[in-house]
Amino acid sequence: MVTAVTDGVKVSVEVTYQAEFSSPHQHHYVFTYKVNIENKSNQTIQLLRRKWEIFDAAETPKIVEGNGVVGQQPILEPGESHSYVSGCNLKSGLGKMRGSYFMERLMDGKSIEVKVPEFQMIANIFHN
């Protein structure tokens with residue numbers, strides 16, 4: 001698990017290689033990642049957008065942007081957290097991701113860019 005804190009917002013990420021959904025002989029590797037976002041600040045915040053940088057050893061880097069996370073734009077009061085699970089497919093068994101969540105402090109409308117720590121995606125293709 002990797003963790004980063006930006007402006008009182010803690011982001012933790014845990015990655016799992018999904019061997020049962022992967023086909024290494026077809027260059028298809030599936031990973032899931034669980035993200036936990038914890039508001040350790042004293043302000044209510046809302047996650048509005050996300051931006052990911054995806055690096056795959058077999059391809060050129062990709063940037064993926066969109067609103068919210070898995071269809072949600074959660075509001076987090078101080079002390080609250082939000083978790084979700086998402087996934088990424090790679091053509092190689094080796095890659096990494098990092099990114100940002102763009103949030104807003106609801107009290108004053110201030111925009112906050114919260115860093116998502118870089119995490120590795122490494123397929124364990126030697127075990128069944």
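Being a predicted model, the structure only gives us computed values, none of them experimental. Numbers here simply count residues along the sequence, with the first being 1. Hydrogens, waters and symmetry mates are skipped; everything else that's a heavy atom, side chains included, is used.
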K.L.:
Using 30° and 60° as the class limits, which term best fits the ring planes of Tyr33 and Phe119: parallel, tilted or perpendicular?
P.N.:
tilted
K.L.:
If we only count heavy atoms from C-beta on, is the Phe21 to Asn89 side-chain gap below 4.5 Å?
P.N.:
no
K.L.:
Using atom types as modelled and distance alone, determine if a side-chain donor or acceptor of Asp56 lies under 3.5 Å from a backbone N or O of Lys91.
P.N.:
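Yes; judged by distance alone, with no hydrogens or angles, the pair exists.
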K.L.:
Indicate whether the side chain of Ser12 and that of Asn36 have a donor and an acceptor atom separated by less than 3.5 Å.
P.N.:
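Per modelled atom types, Ser12 and Asn36 side chains form no pair under 3.5 Å.
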K.L.:
Show, in sequence, the C-alpha distance, side-chain angles and deciding distance for Cys88 and Ile54, and conclude whether the side chain to side chain contact (heavy atoms under 4.5 Å, CB included) test is met.
P.N.:
CA-CA 9 Å; Cys88 182; Ile54 304 169; 3.9 Å; yes
K.L.:
Under the side chain to side chain contact (heavy atoms under 4.5 Å, CB included) rule, collect the residues that match up with Glu77, sequence neighbours excluded.
P.N.:
Thr44, Glu80
K.L.:
Taking atom types as modelled and ignoring hydrogens, do the side chains of Ser100 and Glu113 form a donor-acceptor contact shorter than 3.5 angstrom?
P.N.:
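The answer is yes; a qualifying pair exists.
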K.L.:
Sub-3.5 Å donor-acceptor pair from the side chain of Ser23 to the main-chain atoms of His25, do we have one?
P.N.:
no
K.L.:
Got a donor-acceptor contact below 3.5 angstrom from the Glu53 side chain to the Met97 backbone?
P.N.:
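Not a single qualifying donor-acceptor pair exists.
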K.L.:
Please check if the side chain of Thr6 supplies one atom and the backbone of Lys115 the other of a donor-acceptor pair under 3.5 Å.
P.N.:
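Yes, Thr6 side chain to Lys115 backbone: donor-acceptor pair under 3.5 Å.
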K.L.:
Is the backbone N or O of Pro117 less than 3.5 Å from a side-chain atom of Arg98, with the two atoms forming a donor-acceptor pair by type?
P.N.:
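Side chain of Arg98 to backbone of Pro117, a donor-acceptor pair under 3.5 Å: no, none is there.
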K.L.:
Check step by step if side chain to side chain contact (heavy atoms under 4.5 Å, CB included) holds for Tyr101 and Ile37.
P.N.:
CA-CA 10 Å; Tyr101 294 132; Ile37 305 163; 3.7 Å; yes
K.L.:
Just by modelled atom types, is the Gly71 backbone N or O under 3.5 Å from a matching donor or acceptor in the Asn67 side chain?
P.N.:
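Judged by distance alone, no pair lies under 3.5 Å.
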K.L.:
Counting only heavy atoms not in His28, do more than 12 sit closer than 6.0 Å to its NE2 atom?
P.N.:
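Enclosed.
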K.L.:
Evaluate the side chain to side chain contact (heavy atoms under 4.5 Å, CB included) criterion for residues Gln72 and His82: first the C-alpha distance (whole Å), next the side-chain angles of each, then the deciding distance (0.1 Å), finally the verdict.
P.N.:
CA-CA 10 Å; Gln72 299 181 316; His82 177 79; 3.0 Å; yes
K.L.:
Determine the interplanar angle of the Tyr29 and Tyr17 rings, folded into 0 to 90°, and report it as parallel if under 30°, tilted if 30 to 60°, perpendicular if over 60°.
P.N.:
tilted
K.L.:
May I ask you to test the Val13-Val116 pair for a side-chain heavy-atom distance under 4.5 Å?
P.N.:
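SC-SC contact between Val13 and Val116 confirmed.
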K.L.:
Quick one, Leu48 with Met103, criterion side chain to side chain contact (heavy atoms under 4.5 Å, CB included). Give me CA distance, side-chain angles, the key distance, then yes/no.
P.N.:
CA-CA 5 Å; Leu48 300 175; Met103 300 189 172; over 6 Å; no
K.L.:
Say you draw a straight line from CZ of Arg50 to CD of Gln73; how long is it, rounded to the nearest 0.5 Å?
P.N.:
10.0 Å
K.L.:
Would you call Glu14 and Lys34 a salt bridge, using N to O less than 4.0 angstrom?
P.N.:
no
K.L.:
Rounded to the nearest 0.5 Å, what's the gap from CD on Glu20 to CD on Gln18? Could you check?
P.N.:
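CD of Gln18 is found 5.0 Å from CD of Glu20.
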K.L.:
Drop me the distance from Asn39's CG to Leu47's CG, to the nearest 0.5 angstrom.
P.N.:
11.0 Å
K.L.:
Could you give the distance from CD1 (Ile75) to CG (Leu106), rounded to the nearest 0.5 Å?
P.N.:
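One gets 5.5 Å once the value is rounded to the nearest 0.5 Å.
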K.L.:
I'd like to know if the side chain of Ser92 reaches the main chain of Leu94, judged simply by a donor and an acceptor atom lying under 3.5 Å from each other, with no hydrogens or angles considered.
P.N.:
yes
K.L.:
Salt-bridged, Glu65 to Lys51, with N to O below 4.0 Å?
P.N.:
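Judged by the 4.0 Å cut-off on N to carboxylate O distance, Glu65 and Lys51 do not form a salt bridge.
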